[in-house]
Amino acid sequence: MRALIQRVTTAAVAVDGAEVARITPAEDGHGLLVLVGVTHDDDEAKAATLARKVWTMRILEDERSASDVDAPILVVSQFTLMADTRKSRRPSWSAAAPRPIAEPLVDAFANALRDLGATVETGKFGAHMEVSLVNDGPVTLLVDV
């Protein structure tokens, strides 16, 4: 699994012009937008490992983590994170897991965050989403497990 974590002051997802998710900043004004990509050999154990890593990563002010300040997290599935762009100008999507594998694992990731105590909102799997955010810092990290 792969996650692109962005420290944000606000983030929202809309589908067909209607907002389906929004995070409100924590007390210190931070939240996380996490774009998640799934590949063929990922499983629930990797989803749980990634959730723990995201929840405890010290990327907020004063080297705090989302778990330290109860920062909200917006999870958005993004198969394009698994793109292979090494050979040509046309990305290959062959590393991205198909929906029957990916959707339950993105849900497992979000649920694992909830089990750890996170306030989690999610986009809509497989939909054409409009994601709006204000990246704070900017802080953006790519994490693989």
Side-chain angles (χ1 to χ4, degrees), residues 1-39 41-93 95-97 101-145:
M1 290 185 88
R2 180 173 289 161
L4 184 72
I5 306 168
Q6 296 179 299
R7 186 175 77 185
V8 298
T9 56
T10 186
V13 175
V15 176
D16 296 327
E19 188 172 281
V20 297
R22 171 177 290 279
I23 57 170
T24 346
E27 220 176 82
D28 69 352
H30 299 294
L32 298 177
L33 170 63
V34 182
L35 307 174
V36 180
V38 178
T39 193
D41 63 350
D42 289 334
D43 56 25
E44 287 193 19
K46 285 185 180 180
T49 298
L50 184 59
R52 279 190 304 279
K53 191 162 199 142
V54 167
W55 185 232
T56 60
M57 188 161 289
R58 298 189 172 281
I59 60 173
L60 302 180
E61 281 185 26
D62 300 323
E63 295 187 20
R64 292 177 296 167
S65 67
S67 66
D68 293 332
V69 298
D70 293 324
I73 300 174
L74 177 56
V75 174
V76 176
S77 63
Q78 180 133 15
F79 78 94
T80 60
L81 286 177
M82 305 315 291
D84 182 352
T85 58
R86 293 175 291 176
K87 292 188 180 180
S88 69
R89 296 180 301 137
R90 181 181 305 154
S92 168
W93 311 114
I101 295 171
E103 186 172 14
L105 289 176
V106 172
D107 289 343
F109 170 75
N111 288 331
L113 284 168
R114 289 183 186 105
D115 290 345
L116 292 167
T119 299
V120 179
E121 295 291 329
T122 61
K124 185 175 177 188
F125 191 95
H128 181 91
M129 295 177 273
E130 295 175 351
V131 180
S132 60
L133 68 127
V134 176
N135 192 318
D136 182 41
V139 174
T140 302
L141 301 169
L142 185 62
V143 178
D144 285 300
V145 293

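Along the sequence shown, residues carry numbers from 1. Just so it is clear, the values below take in all heavy atoms, side chains as well, and ignore hydrogens, waters and symmetry mates.
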Report the C-alpha separation of Leu74 and Val8 in whole Å, then their side-chain angles, then the decisive distance to 0.1 Å, and conclude whether the side-chain contact (heavy atoms from CB on, under 4.5 Å) test is met. CA-CA 10 Å; Leu74 177 56; Val8 298; over 6 Å; no
Pair His30, Val69 - check side-chain contact (heavy atoms from CB on, under 4.5 Å), show working. CA-CA 9 Å; His30 299 294; Val69 298; 5.8 Å; no
Go through it in stages, so that I can follow the logic: the residues are Leu105 and Glu44, the test is side-chain contact (heavy atoms from CB on, under 4.5 Å), and I'd like the CA-CA distance, side-chain angles, deciding distance and then a yes or no. CA-CA 6 Å; Leu105 289 176; Glu44 287 193 19; 4.0 Å; yes
Derivation of the side-chain contact (heavy atoms from CB on, under 4.5 Å) call for Leu142 and Leu4: CA-CA 5 Å; Leu142 185 62; Leu4 184 72; 4.2 Å; yes
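With hydrogens and angles disregarded, a donor-acceptor distance shorter than 3.5 Å links the side chain of Thr39 to the backbone of Ala95. Counting only distance, with no hydrogens or angles, the side chain of Asn135 and the backbone of Val139 share a donor-acceptor pair below 3.5 Å. Of the possible polar contacts, none joining the Asp84 side chain to the Ser92 backbone as a donor-acceptor pair under 3.5 Å is found. With hydrogens and angles ignored, the 3.5 Å screen pairs no side-chain donor or acceptor of Arg22 with any backbone N or O of Ala12. One N or O on the side chain of Asp43 and one on the backbone of Ala45 form a donor-acceptor pair closer than 3.5 Å. At least one donor-acceptor pair closer than 3.5 Å links the side chain of Arg2 to the backbone N or O of Leu81.
Applying the side chain to side chain donor-acceptor pair (under 3.5 Å) test to Thr9 and every residue at least two apart in sequence or in another chain returns nothing.
Between Ser77 and the choices Asp107, Thr122, Val106, Val38, the side chain to side chain contact (heavy atoms under 4.5 Å, CB included) rule is met once, by Val106.
Scanning all heavy atoms of the two residues, the minimum distance from Ala112 to Ala48 falls at CB-CA, 4.0 Å. Here the shortest heavy-atom pairing between Thr80 and Trp93 reads CA-CZ3, 3.6 Å. Nearest heavy-atom pair, Leu116 versus Trp55, reported as atom, atom and distance to 0.1 Å: O-NE1, 3.3 Å. Of all the heavy atoms in Lys46 and Val145, the pair that sits closest is O-CG2, 3.6 Å. In plain terms, the two heavy atoms of Met1 and Phe109 that are nearest each other are CE-CB, 4.2 Å. The two residues Ala66 and Ile73 make their nearest non-hydrogen contact at CB-CD1, 4.5 Å.
Here Thr56 contributes atom OG1 and Arg64 contributes atom CZ; the two are 15.0 Å apart, rounded to the nearest 0.5 Å. Here the CG atom belonging to Leu33 is positioned 10.5 Å from the OG1 atom belonging to Thr10, to the nearest 0.5 angstrom.
By the 4.5 Å heavy-atom criterion applied to side chains, Leu32 and Ile59 are counted as neighbours. A heavy-atom distance below 4.5 Å is found between the side chains of Met57 and Val143.
Counting only N and O atoms by type, the side chains of Asp68 and Ser65 include a donor and acceptor under 3.5 Å apart.
For Asp41, the CG atom counts as densely surrounded, since its 6.0 Å shell holds more than 12 non-hydrogen atoms of other residues, nucleotides or ligands.
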